[in-house]
Amino acid sequence: MLYTSAGRLPLCERCFSLYRSLRVAASTQGWPRELHVAPNTQGRHNRAQLVPSTQSREKAPMGYGGLLGAEPSFPCRRSASSTAASALNVFDRQMKRRQKDWAVSQPGAHHCDYLREEVGERIADRVFDIARTFPFALDLGSGRGYISQHLTKDIVERFVHADLSEKALRNLAASEIPSVRVIVDEEFVPFKENTFDLVVSSLSLHWVNDLPRAFQEIHRILKPDGVFIGAMYGGETLFELRCSLQLAEIEREGGFSPHISPFTAVTDLGNLMGRAGFNMLTVDADEIQIQYPGMFEVMKDLQGMGESNCAWNRRSLLHRDSMIAAAAIYQDMYGEEDGTVPATFQVYYMIGWKPHESQAKPAKRGSATVSFGDLKKVKEIVSETRTEEK
């Protein structure tokens, strides 16, 4: 048996080779990664605001859960008549509703909202960047209203909060905007066509089974010249937890199961929104890195966010030996000098507009009156003019 540099985790020769190769990849690619924050002229976003919860909470019904990963928080009961084999039925939406309800009902649940509140504020900043007032807006997958609490009546006159969890809607954060609460599954939007001037969504659409259809529904309920602003987790989210769990399971159990939910690639988002009918698209990526005391604290807070895995192919449990091994690998591969470990959350932000005749349109092909070859002449003319003025 071989041992890692931490001296705590015995590995066979095959797994030690894989472990060493990942260590080399981590060092060459700069893992753990630094915090990359999009430019913000107001200067309100900083890493100090993102402090993981240290509050104790009631134990979950089934041990530790993961986000998007590790194991589910609740006993899994699958129906034999389910359509889990369908390519468009990856997630158990009823399980996700129960996970959200459980998370909201815990004492001090707001202590786990630090990431949602941060992303909600960044979406609100993007709404403020649009110089107009929106008479009627929808927050799809609103949770406790992480976006509306940062907006004002001067920007949005009326808000509809729509979420799968009734308990989350009953515990909305305070906001000055008049609002209505509606229990809605993001996969089946019940609103009429051309209803809203603005639709926002924060960290909710990554649990939708049919994302192309969800974008089409959002486009349908928007008024012409309406805008959709959303955020969802990206493919690099929790790569530290994913690698640690896979290595531990290979060693302890001879194979590994998926513990982190699948995500959409940033290159696909623009194509999906374009196919749904949006134009003037903007898609950008952010990485937020948060420090935790250890892997178990990461998983505990993910569970408190209501982000436990709800994929149909999830495992109902994770062996204790594998969990302990994963925690040791996590600490050894990604641990900081002060003993903490990072958890990386990649967030995609997207903006799309519903077409309208008043919007700017590209000129017809071949209608240009100036050639790129003439740019040099223009530069020479400008230089001569400035010389004469002097």
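Model, not experiment: these values are computed from the prediction.
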According to salt bridge (charged side-chain N to carboxylate O under 4.0 Å, His left out), who are the partners of [X], at least two apart in sequence or on a separate chain?
X      : value
Glu157 : none
Arg93  : Asp185, Glu186
Arg132 : Asp225
Asp321 : none

#### Entry: Residue pairs fulfilling salt bridge (charged side-chain N to carboxylate O under 4.0 Å, His left out) with at least one residue in residues 201-223, sequence neighbours excluded
Asp197-Lys223, Glu217-Arg220
### Task
Tell me, please, which residues at least two apart from Phe159 pass ring pair (Phe, Tyr, Trp, His ring centres under 6.0 Å).
His161
Check side-chain contact (heavy atoms from CB on, under 4.5 Å) between [X] and all other residues, then give those that pass, not counting sequence neighbours.
X      : value
Ser201 : Leu140, Ser204, Leu205, Phe228
Pro224 : Asn194, His356
Ala248 : Ala325, Ala326, Ile329
Ala276 : Phe215, Gln216, Phe278

### Message
Taking transitive links into account, so neighbours of neighbours count too, which hydrophobic residues share a cluster with Val104 at under 4.5 Å side-chain distance?
### Response
none
### Query
Other hydrophobic cluster members with Leu169, side-chain heavy atoms of Ile/Leu/Val/Met/Phe/Trp/Tyr under 4.5 Å, chained?
Ile183
